[in-house]
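Below: the structure, in structure tokens.
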Amino acid sequence: MSRATERLRVIINHLDRPPAAISAAPTSAATFQPSQRLRYTFDSDVLTPEQRLFYEQNGFLLIKNLVSDEDIDRFRKEFEHICRREVKVPGLVVMRDLAILNSEFVPDQKAVSKLQDFQEDPELFRYCALPQIVKYVECFTGPNIMAMHTMLINKPPDAGKKTSRHPMHQDLHYFPFRPADKIVCAWTAMEKVNRQNGCLVVLPGTHTGTLQEHDYPDWEGGVNKMYHGLRDYDPEHPRVHLEMEKGDTVFFHPLLIHGSGMNRTQGFRKVRSHPQSISCLQRLLPCWWL
């Protein structure tokens with residue numbers, strides 16, 4: 001007798017019996033409790049249950065060595081081409097820190113502190129299409145994703161005016177799109193990032209709160225006019241300094257409160273969104289996805 005036939009016979013036998021003759025037997029299933037529904041991540045074979053739970057609780061997740069040295073070196077070369085004005089990119093915003101313009105450590109970079117909206121540059125935008133980046137992004141946004149905002153941060157050494165600091169803030173403050181829980185930032189270090197050159201600082205768990213009021217930071221010794229910061233947050237909240245190696249990538253929620261300290265080195269710091277005395281500059285590659 002086939003398995004299907006046997007199952008059908010059992011079902012018909014149950015249907016033919018009077019209700020009173022059917023009784024429930026205790027099984028292990030009686031003690032099973034369904035798992036808690038996760039709010040900020042999607043079920044896939046990319047994130048482990050532990051990684052999903054960590055992001056749900058903390059609002060960020062660091063993946064080590066996600067982007068290759070070869071890719072990052074190509075991105076760095078393209079950044080230098082742009083700084084030397086060897087290429088022109090439509091819609092690209094090039095930001096400079098005037099406080100270090102006359103004491104620049106890397107002459108051909110012209111005190112550039114940030115490239116913003118590089119989507120029309122095929123080489124830099126290739127970052128947003130890297131399969132290893134996209135597969136993680138989909139764990140937080142779901143399918144049919146869009147890259148909504150792109151930057152390359154070249155964090156300058158501080159010239160004594162504390163302009164290299166980035167105040168505590170929430171990225172959602174800058175975004176007109178929603179829903180917030182389906183937005184994620186992929187932030188890749190283009191070189192070693194540590195507390196000395198002003199690594200990212202996050203307040204774990206603050207992604208579960210609401211969007212708060214932002215304004216120019218009221219800092220001693222001057223104000224960083226490039227950025228807004230939170231008007232009010234708990235300075236005693238536990239914080240994590242995200243020290244990263246070249247190629248490491250952190251994904252975080254747009255409501256997560258974060259910022260960065262001064263670059264106290266004698267170089268710049270790059271993030272694609274950070275090598276060596278001149279490599280102490282910090283470059284990062286951030287990209288926000290919806």
Side-chain angles (χ1 to χ4, degrees), residues 41 44-48 51 54-55 59-83 87 89 92 109 112-141 145-155 171 183-194 197-202 240-254 256 258 260 263 267-276 278-290:
T41 58
S44 71
D45 59 356
V46 177
L47 297 181
T48 66
Q51 287 174 322
F54 185 91
Y55 187 88
F60 70 95
L61 181 65
L62 177 61
I63 305 297
K64 304 292 289 182
N65 196 31
L66 187 61
V67 180
S68 71
D69 287 355
E70 179 183 0
D71 279 324
I72 290 175
D73 291 343
R74 286 178 58 179
F75 298 142
R76 178 182 287 110
K77 288 179 181 178
E78 184 67 5
F79 169 78
E80 292 167 357
H81 291 328
I82 292 172
C83 290
V87 295
V89 182
L92 179 70
Q109 293 175 11
V112 172
S113 60
K114 183 188 294 186
L115 301 182
Q116 193 158 286
D117 298 324
F118 58 67
Q119 63 274 6
E120 297 301 324
D121 184 289
E123 180 58 37
L124 290 182
F125 193 71
R126 196 172 55 81
Y127 169 74
C128 301
L130 290 176
Q132 65 270 39
I133 292 289
V134 173
K135 78 173 184 178
Y136 275 97
V137 167
E138 288 183 331
C139 297
F140 308 103
T141 65
I145 61 176
M146 293 181 288
M148 302 301 295
H149 185 53
T150 55
M151 293 194 303
L152 190 155
I153 298 173
N154 190 53
K155 191 180 181 81
D171 288 338
I183 302 172
V184 72
C185 177
W187 174 288
T188 298
M190 296 177 69
E191 56 207 28
K192 184 179 180 66
V193 184
N194 52 33
N197 65 6
C199 65
L200 193 69
V201 181
V202 300
V240 174
H241 292 81
L242 291 177
E243 297 193 332
M244 302 164 66
E245 299 292 336
K246 181 180 179 180
D248 293 354
T249 303
V250 62
F251 299 89
F252 60 89
H253 191 280
L256 182 72
H258 65 286
S260 67
N263 183 352
F268 280 57
R269 181 202 83 173
K270 298 184 186 65
V271 178
R272 179 73 157 229
S273 44
H274 293 331
Q276 332 148 29
I278 283 196
S279 291
C280 289
L281 54 85
Q282 186 192 123
R283 284 182 187 155
L284 307 166
L285 269 171
C287 179
W288 285 262
W289 304 81
L290 173 63

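All figures in this text were calculated on a predicted structure; none of them were measured in a lab. We're numbering straight along the sequence, starting at 1.
To the nearest 0.5 Å, the span separating SG on Cys128 from CE on Met146 amounts to 13.0 Å. Note: Ile72 CD1 to Phe79 CZ = 14.5 Å, rounded to the nearest 0.5 Å. To the nearest 0.5 angstrom, Met148 atom CE is 10.5 Å from Gln119 atom CD. Rounding to the nearest 0.5 Å places CG of Leu152 at 11.5 Å from CD of Gln116. Rounded to the nearest 0.5 Å, atoms OG1 (Thr150) and CG (Leu124) are 8.5 Å apart. Rounded to the nearest 0.5 Å, atoms OH (Tyr127) and OG1 (Thr188) are 2.5 Å apart.
Across all their heavy atoms, Val112 and Leu115 have their closest contact at CG1-CD2, 4.1 Å. For the residue pair Phe118 and Met151, the shortest heavy atom distance occurs at CE2-O, 3.2 Å. For the residue pair Ala189 and Val193, the shortest heavy atom distance occurs at CB-CG2, 3.8 Å.
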*Would Glu80 and Lys77 satisfy salt bridge (charged side-chain N to carboxylate O under 4.0 Å, His left out), going step by step from the backbone distance to the final call?*
CA-CA 5 Å; Glu80 292 167 357; Lys77 288 179 181 178; over 6 Å; no
*Does the salt bridge (charged side-chain N to carboxylate O under 4.0 Å, His left out) test come out yes or no for Asp121 and Arg126, once each step is laid out?*
CA-CA 8 Å; Asp121 184 289; Arg126 196 172 55 81; over 6 Å; no
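When side chains are defined from C-beta on, Leu62 counts as touching Val250, because their heavy atoms get closer than 4.5 Å. The closest side-chain heavy-atom distance from Trp187 to Phe251 is not below 4.5 Å.
Judged purely by atom type and a 3.5 angstrom limit, Asn197 uses its side chain to pair as donor or acceptor with the backbone of Lys192. Between the side chain of Asp73 and the main chain of Arg76, no donor-acceptor pair closer than 3.5 Å is present.
Under the 30°/60° scheme for interplanar angles, the aromatic rings of Phe252 and Trp288 are found to stand perpendicular.
The salt bridge (charged side-chain N to carboxylate O under 4.0 Å, His left out) check on Asp248 picks up Lys64, with sequence neighbours excluded.
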If you look only at distance, which donor and acceptor atoms sit under 3.5 Å apart when one is on a side chain in residues 129-141 and the other is two or more places apart or in another chain?
residue : atom : partner : partner atom : Å
Gln132  : NE2  : Leu66   : O            : 3.3
Thr141  : OG1  : Val137  : O            : 3.3

